[in-house]
Amino acid sequence: MTKFLGALILSVAAASCAPSVRTNVAVTHMLPPPGAMRTVAIQPYNETVASAPDFQAYSARLAAHLQAKGYTVVAPAGGPAPDYIAFFLYRIDGGTAVNQLEGRPAPATGTIITYGLRTAFSTSTRRIYMRAVTVEIVDRARFRPNDSASYLGARVYSGSVVSDGSCSTMAPVIDPMLTALFADFPGQSGGLRRVDIPVDAACGLDRLG
């Protein structure tokens, strides 16, 4: 029985330490139910994203999620006009230095009662990075490029995902963040939910997010 309890405690501890991306998802929308046979084109939200070398790869991952929800992803130009345009934005900051206490084994001294129980603490510094992913979908028929008023009037979906952690690039977290966004797509309008997405790899010295 004692061995069983020990194994159970170790398994729970391992699960709690498993790397994951912890996200907060916010959504507002006026979309019809998914799978309404609508077409959508993906475009970068701004010039910075448009010129990013990873935009094509990340937009392909966004397209896969949209297709899984019943949308047909089409090219933004050179074919029939899409029903919707999905503007895609992702970004990461330069990180914020944070201090934390870390425990280190100290030489055992004292009586047998205190042997091995003493711990020395020191302050260490690490960086925490803020990551954000935004997808905004507009009704193409009501949208006029370069007209901010028409953009707001044509917008039928706005979803954002934010997370923080020790990863200094978007590559390890873009998939979990998109997964969190589409876990309940389009979701309850005006809702805010927390979604933890388990992953297979860690980033830095601790959790991904």
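Contacts classified as salt bridge (Lys or Arg N to Asp or Glu O under 4.0 Å) and involving residues 186-195 (residues at least two apart or in different chains) are given here: R194-D196. Residue pairs meeting the salt bridge (Lys or Arg N to Asp or Glu O under 4.0 Å) criterion with at least one partner in residues 43-60, sequence neighbours excluded, do not occur; the list is empty. Residue pairs meeting the salt bridge (Lys or Arg N to Asp or Glu O under 4.0 Å) criterion with at least one member in residues 145-155, sequence neighbours excluded, are E136-R155, R144-D147. For residues 39-59, the set of pairs meeting the ring pair (Phe, Tyr, Trp, His ring centres under 6.0 Å) definition, not counting sequence neighbours, comprises Y58-Y90.
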Please test Y151 against V138 for side chain to side chain contact (heavy atoms under 4.5 Å, CB included), starting from the C-alpha separation and ending with a verdict.
CA-CA 7 Å; Y151 180 89; V138 300; 3.6 Å; yes

Show me the donor-acceptor pairs, under 3.5 Å and distance only, between side chains in residues 178-191 and residues at least two apart or in other chains.
unit_1, atom_1, unit_2, atom_2, d
T179, OG1, D175, O, 2.9
S189, OG, H29, N, 3.1
S189, OG, H29, O, 3.4

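Judged purely by atom type and a 3.5 angstrom limit, T23 uses its side chain to pair as donor or acceptor with the backbone of V195.
Within the 4.5 Å cutoff, the side chain of V133 has heavy atoms near those of the M170 side chain. Counting heavy atoms from C-beta outward, I92 and T169 have side chains that stay 4.5 Å or more apart.
Partners of T48 by side chain to side chain contact (heavy atoms under 4.5 Å, CB included), not counting sequence neighbours, listed by chain and number: N46. When the side chain to side chain contact (heavy atoms under 4.5 Å, CB included) test is applied to V156, the partners found at least two apart in sequence or on another chain are L31, Y84, I137, D139, R142. In terms of the side chain to side chain contact (heavy atoms under 4.5 Å, CB included) criterion, M30 has no residue partners (sequence neighbours excluded). When the side chain to side chain contact (heavy atoms under 4.5 Å, CB included) test is applied to Q67, the partners found at least two apart in sequence or on another chain are V73.
To the nearest 0.5 Å, atoms CG (N24) and OG (S163) are separated by 9.0 Å.
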